[in-house]
**Q** 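My questions all concern the structure below.
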Amino acid sequence: MVMSRLQKIPVVEEKKGNPLARVFDDLVRFCRSRSLFILHYCTGCGAIELPPAMTSRFDMERLGIQPMVSPRQADILLITGYVSIKTLKRVILTYEQMGSPKYVVGICSCTVNGGMYWQSYATAKKLDEYMPVDLYIAGCMPRPEAVISGLQKLMDRIKNGEADSWQDYYRNYDYYLGNQQKLFGEDWQTPTDIITEAKHYELMGEGTLGQHTRLLEQHQQPLEALEMRLGHKLKEPVE
Amino acid sequence: MAPIELFIELTLMPLIAFIVGMMMVLMMRRIAARIQRRIGPPFFQPLYDIVKLHGKRTQVSHGLIHDIGIVMAMGGYIAAETLLPVPGMNGIAEKGGLITLLYLMMIPSLGLALGVGQCANPNGSIGIARALTAMLAYDIPLVIVIFGVAYAAGTTNLVEIIATQQAGGFATWGVVEMPLLAIAGLIAMHASLGKQPFEIYIAPAEIATGPMVEMSGKYLGGLFVMQCFQLYTTSVLYVSLFLGGGTTWFDFLIKSFLVLAIPVSIAYLFPRYRTEDLLRLMWKWPVILGLIGLAFVM
Ligand code: SF4
């Protein structure tokens, strides 16, 4: 299902000609691959392997990978283990707030196919039904070496310009939204307006709009800025 | 001075400051890594970070003031660089003087406050409130120290202060003549860097990097550039006031990197104070040291 959709993404042929014309793009791609800020969404037990990968034993900073604390600053969303349905909502909110290009890395078998929580009613089984995943690192749980070698593979793909599955979220938003609606109910809505963003960044694809986005539009509440005022009362006093 | 010469100096000084500043960021991260028994980032890591952040596809702006705030944060330091004499180049240091420099060094915090205000993120607001409190804390010792040095030299002209120190040799360096002021200045400088014991407004574990929480893409990139300038400005100001500036680029750079290495090495050994502890500490020890130093100078 996903593969057939992925194959529909138009491939831009590189034009031969002035070899210096793409130098700037290459530089930016290289810098992107050498500077990755990770947001580790520690959902499951796999998170325990990240501290050794980051600190003195394996030191991810020598590859330019460092932890960041807010989704706006991050490039990689690390999902480290099973995602329960409640958690998945937060994961999606976090993912949509990150600035593109963004990459999702699923660590642990639980993100691949549900792992040992396959029979649980409360976990989302396959992460890539809800957001495009760039890389899976399987294992229950993968060792820090595996995490680092997986991230190195991601770095190679970024350098070659292959890791652009974040565009898939815009191009096939209907598919992802449909799966999300199946889990969270039909009135599911995030504060980020993906369709407007896709229009703005010219990432509209065949699958951006569809029956699920129509459903979303029917009951979408318009987003309003939070009201800021002093002395805000939480409850109206009872008379 | 011919206008074209002045123009070249005004362009070169911030540019050099940026490059040296990036090396200072690298040094800071390497020192942190060594203290934690890690290897640390590669040589060009600060450059990679800045290029990547500016090359992001999505740039989330929260409005006009957000944009202007970041420009102010960077511009304040860029203006400050032209007032800091480096070997061979004075820029407009003779006309500006120490007091203007002190004003310009406060602009970035105010710009940041404007920009963060529009993000309407509670963590950011807490962060910026703490940053301004911290500024209040370290500015009092800093002003005492700068007043003391200016009083001893009889001028607020940074070029003259450096020239007097260089003419008299090591014995007339600020750090030998006014050791108490030099110590107070070092503490104030450490606090103005916002590094660990005084890191109240970044505090990643508590308020999610405070002012930086809503920044993405080029906005965060702008703050990274600002950090380069900040490290450069603080250490070069200290070198000019107390270590006789630099006659050649070689000893100038060595002095500024060494001065910066002191607070940075201390920083990664300590956890963080609370806001009121920072205020109490800054208004007590550096101020007392500074006032005693001032009494000796007078
Ligand atoms: S794959 Fe194993 S270690 Fe990872 S989250 Fe699932 S159960 Fe935990």
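Remember, it's a predicted structure, so these values are computed and weren't measured experimentally. To find a chain, count down the sequence lines: A is the first, B the second, and so on, and within it residues start at 1.
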**Q** Assess the pair A:Y130 and A:Y176: is the distance between their ring centroids shorter than 6.0 Å?
**A**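 No.
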**Q** Using non-hydrogen atoms only, which part of B:I39 is less than 4.5 Å away from chain A: side chain, backbone, both, or neither?
**A** both
**Q** Out of the candidates B:I266, B:V264, B:I262, only one should pair with B:H190 under the side-chain contact (heavy atoms from CB on, under 4.5 Å) rule; please name it.
**A**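 That would be B:I266.
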**Q** Any residues in residues 51-67 of chain A near chain B, with a heavy-atom distance under 4.5 Å, and which are they?
**A** A:M54, A:T55, A:S56, A:D59, A:E61, A:R62, A:G64, A:Q66
**Q** Does a side-chain N-to-carboxylate-O contact under 4.0 Å join B:D49 and B:R29?
**A**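 A salt bridge links B:D49 with B:R29.
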**Q** So for B:E214, is it side chain, backbone, both, or neither that comes closer than 4.5 Å to the heavy atoms of chain A?
**A**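 Both backbone and side chain.
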**Q** Could you verify whether a donor N or O on one side chain and an acceptor N or O on the other, from B:T209 and A:Q73, lie under 3.5 Å apart?
**A**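 Side chains of B:T209 and A:Q73: pair found under 3.5 Å.
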**Q** Hydrogens and angles aside, do B:E199 and B:Y273 bring a side-chain donor and acceptor to less than 3.5 Å of each other?
**A** no
**Q** Working note: A:E197 + A:Y170, criterion side-chain hydrogen bond (donor to acceptor under 3.5 Å, both in side chains); need CA distance, chi angles, decisive distance, verdict.
**A** CA-CA 8 Å; A:E197 266 188 33; A:Y170 293 107; 2.6 Å; yes
**Q** Under 6.0 Å from the six-membered ring centre of B:F224 and within 45° of its axis: does the NZ or CZ of B:K52 meet both?
**A** no
**Q** If you count heavy-atom pairs under 4.5 Å between each of B:A33, B:P41, B:S216, B:P42 and chain A, which one has the most?
**A** B:P41
**Q** With a 6.0 Å cut-off (strictly less than), is the heavy-atom count around CD of A:E217, excluding the residue itself, greater than 12?
**A** yes
**Q** Checking heavy atoms, do the side chain of B:I50, its backbone, both or neither come under 4.5 Å from chain A?
**A** neither
